Amino acid sequence: MDTNALAVFKLLVVGILVNSWMTRGSSATENINVESIPRRPSVALCNETQLLWEMEVCGEEFKRKMDHVDPQNWCNLTHFISEYHLFSLCTETNAERINCYWPNPLVESYIIRIHKHFFSNCTLERVILVDPPDDTLTILILIPVFLTLAMIALVVWCSKRSDILA
């Protein structure tokens with residue numbers, strides 16, 4: 001057997017032995033007493049009926065507070081941001097208190113109903129996109145073209161002079 005092949009074989013055997021020695025006893029399940037691990041309490045299920053009731057309570061409070069805001073200002077968030085924040089906080093805390101995740105489809109559908117009621121007329125006007133002026137457009141097109149040509153010329157020039165540069 002070739003001396004290099006023998007050295008590689010010995011190194012492989014030593015590596016396997018060292019690896020097995022170092023990983024011995026490192027299994028996560030070997031030295032653990034399963035009976036000593038405390039059981040997690042069972043997770044309570046989401047009570048959807050109570051969740052809907054709580055969302056109605058939050059929504060009624062929001063509606064009552066929105067009655068004090070002029071309907072012409074319903075599309076301006078600065079006039080009712082605190083009321084909306086309290087509504088959102090109410091839905092989140094009540095959902096979590098009832099062991100429901102937030103947002104969930106029931107909460108989302110209720111929030112959409114609230115949005116349709118208060119903010120259905122808050123559509124933004126369409127923004128009309130306009131092309132830039134021709135001078136700007138020409139410059140934006142020509143700069144990358146000239147940079148590409150310059151890089152190609154530089155690569156060709158350097159490849160022709162490789163014997164001098166080396």
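These figures come from a predicted structure and were not determined experimentally.
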Problem - Side-chain donor or acceptor of Ser109 paired with backbone N/O of Leu106 under 3.5 Å - result: yes

Handout entry: Same apolar cluster (I L V M F W Y, side chains within < 4.5 Å links), Leu142/Leu137
Key = no

Exercise for the section: Flag the pair Tyr84 / Phe119 as yes when at least one side-chain heavy-atom distance between them is below 4.5 Å, and no otherwise. Expected result: yes

Exercise for the section: Could you tell me whether the side chain of Ser120 and the main chain of His117 form a donor-acceptor pair under 3.5 Å? Expected result: no

Exercise for the section: Determine yes or no for a side-chain-to-main-chain donor-acceptor pair under 3.5 angstrom, with Asn73 supplying the side chain and Asn76 the backbone. Expected result: no

Practice task
Using a cut-off of 6.0 Å, state whether more than 12 heavy atoms not belonging to Asp131 lie near its atom CG.
Solution key: no

Practice task
For the pair Asn94 (side chain) and Thr91 (backbone), establish whether a donor and an acceptor sit closer than 3.5 Å, ignoring hydrogens and angles.
Solution key: no

Handout entry: Under 3.5 Å donor-acceptor, Ser159 side chain and Val155 backbone
Key = yes

Practice task
Report yes or no: does Thr148 contribute a side-chain atom to a donor-acceptor pair with the main-chain N or O of Pro144 at less than 3.5 Å?
Solution key: yes

Handout entry: Considering all heavy atoms, the nearest Glu83-Phe62 contact
Key = O-CD1, 3.6 Å

Practice task
Working to the nearest 0.5 Å, report the span between CG of Asn121 and CD of Gln72.
Solution key: 12.0 Å

Fill in the blank from the handout: Distance col, row Glu54:CD vs Cys100:SG, nearest 0.5 angstrom, shows 10.0 Å

Handout entry: N-O pairing of Lys65 and Glu61 below 4.0 Å
Key = yes

Problem - Short N-O contact, Glu56 and Arg113, less than 4.0 angstrom - result: yes

Practice task
Compare all side-chain heavy atoms of Cys46 with those of Leu51 and state whether any distance is below 4.5 angstrom.
Solution key: yes

Exercise for the section: Starting at CG of Leu154, measure out to CG of Leu147 and round the result to the nearest 0.5 Å. Expected result: 12.0 Å

Handout entry: Point-to-point distance, once rounded to the nearest 0.5 Å, from SG of Cys58 to CG of Leu89
Key = 9.0 Å

Handout entry: Minimum side-chain heavy-atom gap Ile114-Lys63 below 4.5 Å
Key = yes

Handout entry: Hphob cluster co-occupancy, Val57 + Ile111, side-chain heavy atoms under 4.5 angstrom
Key = no

Completion exercise
Smallest heavy-atom separation, Trp74 atom then Phe80 atom, equals O-CE2, 2.8 Å

Practice task
Answer with yes or no after comparing the ring centroid distance for Tyr110 and His115 against a 6.0 Å cut-off, counting only values under it.
Solution key: no

Practice task
Assess whether side-chain contact (heavy atoms from CB on, under 4.5 Å) is satisfied between Val107 and Asn104, documenting all intermediate values.
Solution key: CA-CA 5 Å; Val107 176; Asn104 63 36; 3.3 Å; yes

Practice task
Please report the closest heavy-atom contact between Met55 and Ala95, naming both atoms and the distance.
Solution key: CE-N, 4.4 Å

Problem - Gap separating the OG1 atom of Thr93 from the CG atom of Leu86, nearest 0.5 angstrom - result: 10.0 Å

